[in-house]
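No hydrogens, no waters, no symmetry mates; every other heavy atom, side chains included, goes into these values.
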Amino acid sequence: MEELKKSLNFIEHIIEEDIAAGFPKEKLRFRFPPEPNGYLHIGHTKAICINFGFGEKYGAPVNLRFDDTNPAKEEQEFVDSIKADIDWLGFKYDQELYTSDYFDQLYDWAVQMVKDGIAYVDEQPSEKITEQRKNPFEEGVDSPYRNRPTEESLALFEKMKNGEFEEGSMSLRAKIDMKSPNMNMRDPVMYRILKKPHHRTGEKWKIYPMYDWAHGESDYIEQISHSLCSLEFENHRPLYDWYLDQVYEENTVRNKQREFARMNVSYMITSKRKLQRLVAEKAVSGWDDPRMPTISGMRRLGFTPASIINFIERVGVAKRENLIDIQLLEFFVREDLNKVATRVMTVIDPVKLVITNYPENEEEWLETENNPEDENAGTRTVPFSKEIYIEREDFKEEGNKKFFRLKLGGEVRLKSAYIIKAESVDKDENGEITTIYATYDEKSKSGSGSEESLRKVKGTLHWVSAQHAIPVEVRIYDRLFTTPQPDAEKETDFMEFINPESLKTVQGFAEPGLQNAEIGHPYQFQRIGYFTKDRDSSDDKIVFNRTVTLKDSFKLE
């Protein structure tokens with residue numbers, strides 16, 4: 001039992017202690033509360049895995065609740081993308097809910113707080129309110145409206161709701177403690193006037209609740225047992241509890257907020273504001289650009305749900321923030337893709353090779369494996385003919401002893417085909433090789449069992465039959481930024497660190513079976529890397545994205 005406890009993270013300890021103290025296990029309930037003002041990113045996957053992971057562990061329901069309290073920044077597109085991301089990751093939520101479902105209840109509670117003398121309408125602009133709150137080391141200054149008559153605040157709050165005042169002219173504030181060292185307790189704003197149509201409630205509301213007010217009360221309405229959020233909200237916990245004190249009724253679940261460290265990954269940013277800027281300034285093609293750290297971007301790049309979840313599990317739940325090496329994420333991507341990716345042959349920097357002694361106008365279909373890591377993956381056939389394409393870098397006229405690919409007078413095996421020997425080349429006026437001429441050993445066919453087929457040569461090359469090849473556009477993606485922490489330099493705009501080489505597009509040739517490749521299906525281009533077909537593909541143009549290179553020096557400790 002002691003060994004089991006040691007393996008628990010600190011939040012699990014909290015939950016286990018609550019259960020041991022008498023909290024009914026059947027009343028455990030969790031939630032994932034995204035704001036629909038952008039796409040989910042790599043940082044959100046940690047919160048998703050934590051909340052849904054606890055739901056699975058304890059057999060507890062997990063709500064998906066959209067914190068839709070700011071219609072100026074929220075769109076249905078973001079709601080749809082968030083739902084698609086969670087579905088893709090493989091998690092199932094109990095209910096799809098919205099903070100806007102509770103606007104009436106939140107308003108009624110706020111009215112009662114005004115009646116109880118613990119909330120008031122302030123007619124000062126936000127800049128003045130901020131100025132009066134001072135700093136943690138200096139006592140705040142009371143608003144001149146802090147002690148206005150209750151009936152007056154009630155009447156003004158009603159008019160705010162009815163849209164009778166301009167945006168920014170008034171707000172409803174909680175009356176707590178302007179001397180508190182916790183700035184969140186210095187009479188926080190509960191409602192602001194915002195005359196924007198809401199994507200769900202339309203024109204009904206002219207005032208909208210602030211996050212701190214709406215968040216905890218929504219948790220309470222849904223009877224969430226453990227409200228888990230990132231460490232940035234730790235200083236908000238006293239306010240979370242204070243608001244809860246105002247509405248809590250006996251014999252109901254009193255929700256508990258607890259915080260964990262955010263996840264920061266090198267060469268990525270997780271600020272929605274900065275991600276929005278990348279999209280707005282067209283530094284990327286959109287929220288799902290494969291270079292973006294969004295879940296939809298990673299999905300389009302070719303990451304798998306299992307690789308992301310395994311990465312999150314490895315990182316664990318911590319109390320302190322740290323920077324996670326992106327190579328750890330890529331390690332888990334490679335590990336999963338190695339198990340599930342279909343092996344195919346694609347040449348991305350082609351040079352033609354003519355087998356001079358292969359019969360004219362002849363072709364044959366050779367059997368090759370789909371995935372040697374998966375015994376159930378089966379085999380397929382690929383066409384072979386007199387003219388093929390190989391990678392330009394796989395040939396040198398002269399090569400040293402460490403060059404095990406093709407060179408003049410040297411031999412290599414063509415994957416699942418024959419042993420060939422390079423004899424001569426053609427070059428253009430610039431000295432670039434245009435055609436390689438080789439001969440083949442017709443008895444060396446792979447799998448034939450002949451003595452010649454068992455002959456050992458040091459190099460094996462992938463190839464594509466020129467007659468049957470289909471043209472493909474291959475997008476070689478690299479990291480979006482040139483530095484591990486692009487937003488760490490306070491004096492330098494993070495946009496200055498955008499990698500100009502983050503996307504390189506090349507034209508290549510693929511074996512004909514890829515004509516019917518499925519978008520999102522993982523492939524290993526043998527000897528090159530892992531790729532997936534992009535949604536930009538059409539009948540006339542097939543596009544593949546490089547997910548990750550084949551190997552890396554990173555080792556899992």
Item to check | Neighbour count above 12 (heavy atom, 6.0 Å) for Glu398 CD | outcome: no

Item to check | Nearest heavy atoms of Val284 and Met292, plus distance in Å | outcome: CG2-SD, 3.8 Å

Item to check | Glu373 versus Asn371, closest heavy-atom pair with distance | outcome: N-OD1, 2.8 Å

Next on the checklist: Testing the 3.5 Å rule here: is there a donor-acceptor pair between the side chains of Arg455 and Ser444?
Outcome noted: no

Checklist entry - In terms of heavy-atom contacts, does CD of Glu375 have more than 12 from other residues, nucleotides or ligands at under 6.0 Å? => result no

Checklist entry - Does the side chain of Glu473 pick up a donor-acceptor pair with the side chain of Thr505 at under 3.5 Å? => result no

Checklist entry - In terms of heavy-atom contacts, does NZ of Lys504 have more than 12 from other residues, nucleotides or ligands at under 6.0 Å? => result no

Checklist entry - Can a salt bridge be assigned to the pair Arg273 and Asp487 using a cut-off of 4.0 Å between side-chain N and carboxylate O? => result no

Checklist entry - Ion pair present between Lys415 and Glu369, side-chain N to carboxylate O less than 4.0 angstrom? => result yes

Checklist entry - Hey, are Lys73 and Glu35 close enough for a salt bridge, meaning a charged N less than 4.0 Å from a carboxylate O? => result no

Checklist entry - Cation-pi between Lys274 and Phe494: NZ/CZ under 6.0 Å from ring centre and within 45° of the ring axis? => result yes

Item to check | Pair Asn357-Thr439, side-chain donor/acceptor within less than 3.5 Å | outcome: no

Checklist entry - Which value, rounded to the nearest 0.5 Å, describes the distance between His44 atom NE2 and Ser230 atom OG? => result 8.5 Å

Checklist entry - If you look at every heavy atom in Trp287 and Ser296, which pair is closest and at what distance? => result O-OG, 3.9 Å

Checklist entry - Just by distance, with hydrogens left out, do Ser285 and Arg291 show a side-chain donor and acceptor under 3.5 Å apart? => result no

Next on the checklist: Between Phe66 and Tyr98, is the ring centroid distance below 6.0 Å?
Outcome noted: yes

Checklist entry - For the residue pair Tyr93 and Asn63, what are the closest heavy atoms and their distance? => result CB-C, 4.4 Å

Next on the checklist: If you count heavy atoms of other groups shown closer than 6.0 angstrom to CG of Asp539, is the number above 12?
Outcome noted: no

Checklist outcome for this item: side chain to side chain contact (heavy atoms under 4.5 Å, CB included) with Phe233: of Arg258, His215, Gln257, only one passes, and it is Gln257

Checklist entry - Got a salt bridge between Asp536 and Arg300, using NZ or NE/NH1/NH2 to carboxylate O under 4.0 Å? => result yes

Checklist entry - Where does the angle between the aromatic ring planes of Phe531 and Phe525 fall among parallel (under 30°), tilted (30 to 60°) and perpendicular (over 60°)? => result parallel

Checklist entry - If you round to the nearest 0.5 Å, how far is CG of Leu275 from CG of Asp289? => result 11.5 Å

Checklist entry - Between His521 and Tyr523, is the ring centre distance below 6.0 Å? => result yes

Checklist entry - Charged N to carboxylate O below 4.0 Å: is that the case for Arg479 and Glu330? => result yes

Next on the checklist: If we ignore hydrogens and angles and just use 3.5 Å, is the side chain of Arg277 paired with the main-chain N or O of Lys272 as donor and acceptor?
Outcome noted: no

Item to check | Thr483 side chain to Pro486 backbone, donor-acceptor under 3.5 Å | outcome: no

Checklist outcome for this item: Of Lys46, His41, Arg262, the one forming a side chain to side chain donor-acceptor pair (under 3.5 Å) with Thr270 is Arg262

Next on the checklist: Between Thr435 and Glu387, is the side chain to side chain contact (heavy atoms under 4.5 Å, CB included) condition met? List the steps.
Outcome noted: CA-CA 10 Å; Thr435 308; Glu387 296 185 0; over 6 Å; no

Next on the checklist: Strictly below 4.0 Å, N to O, side chains only: are Glu391 and Arg527 in salt-bridge contact?
Outcome noted: no

Next on the checklist: How long is the straight-line distance from CZ of Arg380 back to OG of Ser416, given to the nearest 0.5 Å?
Outcome noted: 7.5 Å

Checklist entry - Please walk me through it: do Ile498 and Glu281 pass side chain to side chain contact (heavy atoms under 4.5 Å, CB included)? => result CA-CA 12 Å; Ile498 290 179; Glu281 296 186 18; over 6 Å; no

Next on the checklist: Quick check: closest heavy atoms across Thr532 and Thr547, and the distance to 0.1 Å?
Outcome noted: N-OG1, 4.1 Å

Checklist entry - side chain to side chain contact (heavy atoms under 4.5 Å, CB included) between Lys445 and Leu366: does it pass, once the steps are laid out? => result CA-CA 9 Å; Lys445 183 176 179 180; Leu366 307 176; 3.4 Å; yes

Next on the checklist: Taking the ring centre of each residue, are Tyr358 and Tyr440 less than 6.0 Å apart?
Outcome noted: yes

Next on the checklist: I need the Ile309 CD1 to Thr45 OG1 distance, nearest 0.5 Å.
Outcome noted: 9.0 Å

Checklist outcome for this item: Shortest non-hydrogen pair, Lys196 vs Ala72, comes out as CG-CB, 4.3 Å

Next on the checklist: Please determine whether a side-chain nitrogen of the Lys or Arg among Glu432 and Arg392 lies less than 4.0 Å from a carboxylate oxygen of the Asp or Glu.
Outcome noted: yes

Next on the checklist: Quick test of your reading of the model: are Glu360 and Lys386 salt-bridged, counting only N-O distances below 4.0 Å?
Outcome noted: yes

Checklist entry - Side chains of Asn545 and Asp534: do they bring a donor and an acceptor to under 3.5 Å? => result yes

Checklist entry - Looking just at side-chain N and O atoms, do Ser385 and Ser465 make a donor-acceptor pair shorter than 3.5 Å? => result yes

Next on the checklist: Between Ile48 and Ile295, is the side chain to side chain contact (heavy atoms under 4.5 Å, CB included) condition met? List the steps.
Outcome noted: CA-CA 11 Å; Ile48 292 171; Ile295 297 176; 4.1 Å; yes

Next on the checklist: Distance check, rounded to the nearest 0.5 Å: Ile542 atom CD1 versus Phe544 atom CZ?
Outcome noted: 6.5 Å

Item to check | Distance (rounded to the nearest 0.5 Å) between Ile324 CD1 and Phe311 CZ | outcome: 6.0 Å

Checklist entry - Parallel, tilted or perpendicular: which describes the rings of Tyr39 and Phe78, with under 30° parallel and over 60° perpendicular? => result perpendicular

Checklist entry - Within a radius of less than 6.0 Å around CD of Glu518, do more than 12 heavy atoms belonging to other residues, nucleotides or ligands occur? => result no

Checklist entry - What orientation do Tyr418 and Phe384 show, parallel under 30°, tilted 30 to 60°, or perpendicular over 60°? => result tilted

